[in-house]
There are 2 protein chains.
Amino acid sequence: MLSERQKMILRMIVEDYIQSAEPVGSRSISKHVDMGLSAATIRNEMADLEEQGYLEQPHTSAGRVPSQQGYRYYVDHLLQLGERLKQEEISKMKMLFSERVDEIEKVAQQTALYLSTFTQYTAVVLGPQVYDNTLRSLQVVPITEHSAVLLVVTSTGQVQNKTVSFPDDISLSQVEQLVRLLNEKLVGIPIYQMRSRIFEEISREVARQMRDFEEAQRILDRLLNVIVSEKDGKVFLGGTTNMLLQPEFHNVEKAKSVLSWLEHHDLVSKALLQESKLSAPLSVRIGGENELSMLQNCSLVTATYRIGEDPVGVIGIIGPTRMEYGRVIRVLDYLSKEMTQLVTKWYSG
Amino acid sequence: MLSERQKMILRMIVEDYIQSAEPVGSRSISKHVDMGLSAATIRNEMADLEEQGYLEQPHTSAGRVPSQQGYRYYVDHLLQLGERLKQEEISKMKMLFSERVDEIEKVAQQTALYLSTFTQYTAVVLGPQVYDNTLRSLQVVPITEHSAVLLVVTSTGQVQNKTVSFPDDISLSQVEQLVRLLNEKLVGIPIYQMRSRIFEEISREVARQMRDFEEAQRILDRLLNVIVSEKDGKVFLGGTTNMLLQPEFHNVEKAKSVLSWLEHHDLVSKALLQESKLSAPLSVRIGGENELSMLQNCSLVTATYRIGEDPVGVIGIIGPTRMEYGRVIRVLDYLSKEMTQLVTKWYSG
DNA sequence: TGTTAGCACTCTTAATCGTTGAGTGCTAAT
DNA sequence: ATTAGCACTCAACGATTAAGAGTGCTAACA
């Protein structure tokens, strides 16, 4: 258990360290206004806090640095979230959402950019998930003899287009016939059930209606791939190189390990979804709380945004464990709500 | 003018330095097989080469390093492009293009990835340009009361979809009416002429056919934006963090300047198009030959790929001036040809 | 009993100073 | 024209030293 005084000291140390990135000495805490204690007293308390695992000492004659546990305690109990963002910042962010945008992808990209410039960290935005959406409609637009654009519209109004080509020996009309059939059978079905549905119900039907079963199977397969392919939302990054601003990543090795992880969008997407989908709308994972080895020195703060009540996407910040949690959380909170509003309105259904 | 011997020595120095990243001394050149000269002789030639501007000396008692001019001479006159890529590498790359892919974007992305893993540098792929393509067809697919997906199909078969929303006081049927009109008037027109065409011809027409002129103008405007928006091809990056492998970018400052430049896709796209569109299918820009300040220590090697005879896209490699030009050029040459074949076949028109 | 001043001690950081070794330029001999 | 030899230069490295920040502990104090 921590005394009130210890809490206060811990908070000061964390905040000082977040600011300066240098181990915090007893003197600098003691000199702090509204702290009427001598350095010696602080030292005693610090020794206590270290014993309890909230602080660490890089070496004997250095100041203290918050441990992972220290950050955790800070985030859980010492953070004062009452404070609001500055008015000017809010109005800047409002601008983003007031520009009329025609594309959800642009919004995601822009949000990532804003998120990163506002926080000076690296931002990640996971585009809306279509995982448990249902199919609203399927359209084909012919392009050449043997290729066409397939339009997949989901219940949330998301649209994907893919250009598909067909083997020479298959005509467009055959494809159109297939698409008609698919529309009939698949509208209203959740995307994730598609694959099994097709094999259970449709294959039979196809076999009856079309002469060449083999052929039909092949096209069916290709169409299906298009439909379910992008089931994991796209990843948008902002301020990737902000990582390099942080002194903890001046070591090129460490920087590289995180940056190359960020290049693998599939892994990033997985990490973002890991927790946030089920749990609270806001999640803070500090250092070792992340499983991935390249994130051991990082913190990942994420917030979900929703359509109505259903969470459909994630926005997040990646930075060093020495992160301005308060500010980051406030920005994420604000922007995720703004995103929720936007996509809810956008996909008005 | 360089004597044959000087050329040979210059080539050896460049190649040695490319390999080792360390200034090259006279002794190591002299020890080279098929070089029957003593270090002293080499030293004399080196002094000559330096005087003529092909070499530089980091400090008095260090070996020599190629100057920008030195690299330029190497690329222009000393590179032996006769050599082929190893068979195993070719077959690896063939795999990329043999997988059946349904999307040009995937190919671009994959190419960037391969390019970077093959060369250990950073790769850039500029997706096919639609700049001087003509409009083939325009389609609307309604989604909700006040939003629809607009499909833009160009003459090369590229497709863009955009979800557009309309003000509450405009009905879908009005939009459809407009799209019909646009289709009538705009099919076959190069995209880049669109804007002026609309204002010259269509506005009048619209004014006649539709009751509310103001309203029509507003929708028209929005549709137009969608059509011409993505006129610059998308940029795909591969192996961004490979930059950090190079000793010249172990300095975080330098690394950051290049990496953040890479984040601005519009700038990257501009830089790639700057030269390559007009000139030869292969372009090598060394260090200061690039205008951008962050590329002063970099070389940018690009190759175009084409549809038939028309160049429509660019693939390229960014690395330190100390770059394996031979290898890079061979890989780019191979992959750009492969890309040409693919997109030519793909957009069979 | 909690707080604080004082002091010896630890350990990092930066600066200083030879020493080493790679590499050069020049000269004289081949 | 080439090369062996030699004196010279200069970055890189390691050791030594000095400075300074910060600690833990003890003893005095309220």
Side-chain angles (χ1 to χ4, degrees), chain A residues 1-10 12-17 19-67 70 247-248 250-251, chain B residues 1-10 12-17 19-67 70 247-248 250-251:
Chain A
M1 255 318 64
L2 296 183
S3 72
E4 281 308 311
R5 200 167 71 182
Q6 285 175 322
K7 287 184 190 174
M8 177 165 213
I9 292 173
L10 179 54
M12 281 176 166
I13 293 175
V14 171
E15 284 170 1
D16 188 320
Y17 184 65
Q19 264 287 319
S20 68
E22 308 252 301
V24 185
S26 53
R27 243 178 81 79
S28 62
I29 295 295
S30 144
K31 272 191 298 189
H32 204 287
V33 281
D34 57 71
M35 163 61 68
L37 294 172
S38 78
T41 313
I42 307 288
R43 275 204 287 283
N44 287 327
E45 297 286 32
M46 278 175 151
D48 256 29
L49 284 168
E50 179 169 3
E51 206 167 332
Q52 292 182 63
Y54 296 100
L55 296 178
E56 281 167 357
Q57 227 173 350
H59 53 265
T60 7
S61 76
R64 300 308 208 288
V65 160
S67 67
E248 23 273 277
H250 272 31
N251 172 351
Chain B
M1 253 321 62
L2 296 184
S3 71
E4 280 309 311
R5 201 168 70 181
Q6 285 175 323
K7 287 185 192 176
M8 178 164 211
I9 292 173
L10 178 55
M12 279 177 168
I13 293 176
V14 171
E15 284 171 1
D16 187 320
Y17 184 64
Q19 264 287 320
S20 67
E22 309 251 301
V24 185
S26 54
R27 242 179 81 81
S28 62
I29 294 295
S30 143
K31 271 192 299 191
H32 203 287
V33 280
D34 57 70
M35 163 60 68
L37 294 172
S38 76
T41 315
I42 307 288
R43 275 205 286 285
N44 288 328
E45 298 286 32
M46 276 174 153
D48 257 30
L49 284 168
E50 180 170 2
E51 207 167 333
Q52 293 182 63
Y54 296 101
L55 295 180
E56 281 167 357
Q57 227 172 348
H59 53 267
T60 7
S61 76
R64 300 308 208 290
V65 161
S67 67
E248 23 274 278
H250 271 31
N251 173 352

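Convention: sequence-line order gives letters A, B, ...; per-chain numbering from 1.
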Expressed as a whole number of angstroms, how long is the span from [X]:[atom1] to [N]:[atom2]?
| X | N | atom1 | atom2 | answer |
| --- | --- | --- | --- | --- |
| A:Leu37 | D:dC29 | CG | P | 20 Å |
| B:Tyr17 | C:dG23 | OH | P | 14 Å |
| B:Ile29 | D:dT3 | CD1 | P | 15 Å |
| B:Asp16 | C:dA22 | CG | C1' | 14 Å |
| A:Gln57 | D:dG22 | CD | C1' | 8 Å |
| A:Met46 | D:dC25 | CE | P | 15 Å |
| B:Glu51 | C:dT24 | CD | P | 16 Å |
| A:Asn44 | D:dC25 | CG | P | 9 Å |

Quiz item: Which nucleotide sits closest to the side chain of A:Arg64: C:dT24, D:dT23, D:dT2?
Solution: D:dT23
Exercise. Return no unless some side-chain N or O of A:Arg5 is found under 4.0 Å from OP1 or OP2 of C:dT3.
Key: yes
Quiz item: Side-chain N or O of B:Thr41 less than 4.0 angstrom from OP1 or OP2 on D:dT2?
Solution: no
Tell me if a side-chain donor or acceptor on [X] pairs with a main-chain N or O of [Y] at a distance below 3.5 Å.
| X | Y | result |
| --- | --- | --- |
| A:Ser67 | A:Glu56 | no |
| A:Gln6 | A:Ser3 | yes |
| B:Glu45 | B:Ile42 | no |
| B:Ser20 | B:Asp16 | yes |

Practice problem: Any pair with a residue in residues 30-52 of chain A that passes ring pair (Phe, Tyr, Trp, His ring centres under 6.0 Å), sequence neighbours left out, goes on the list, sorted by first then second residue, please. | Solution: none
Quiz item: Residues in side-chain hydrogen bond (donor to acceptor under 3.5 Å, both in side chains) with B:Thr41, at least two apart?
Solution: B:Ser38
Practice problem: Give the B/S/- string for nucleotides 4-11 of chain D, one per nucleotide from 5' to 3', where a protein heavy atom under 4.0 Å of the base yields B, of only the sugar-phosphate yields S, and otherwise -. | Solution: BB---BBS
Quiz item: Which atom pair, heavy atoms only, marks the closest approach of B:Leu2 to B:Gln52?
Solution: CD2-OE1, 3.6 Å
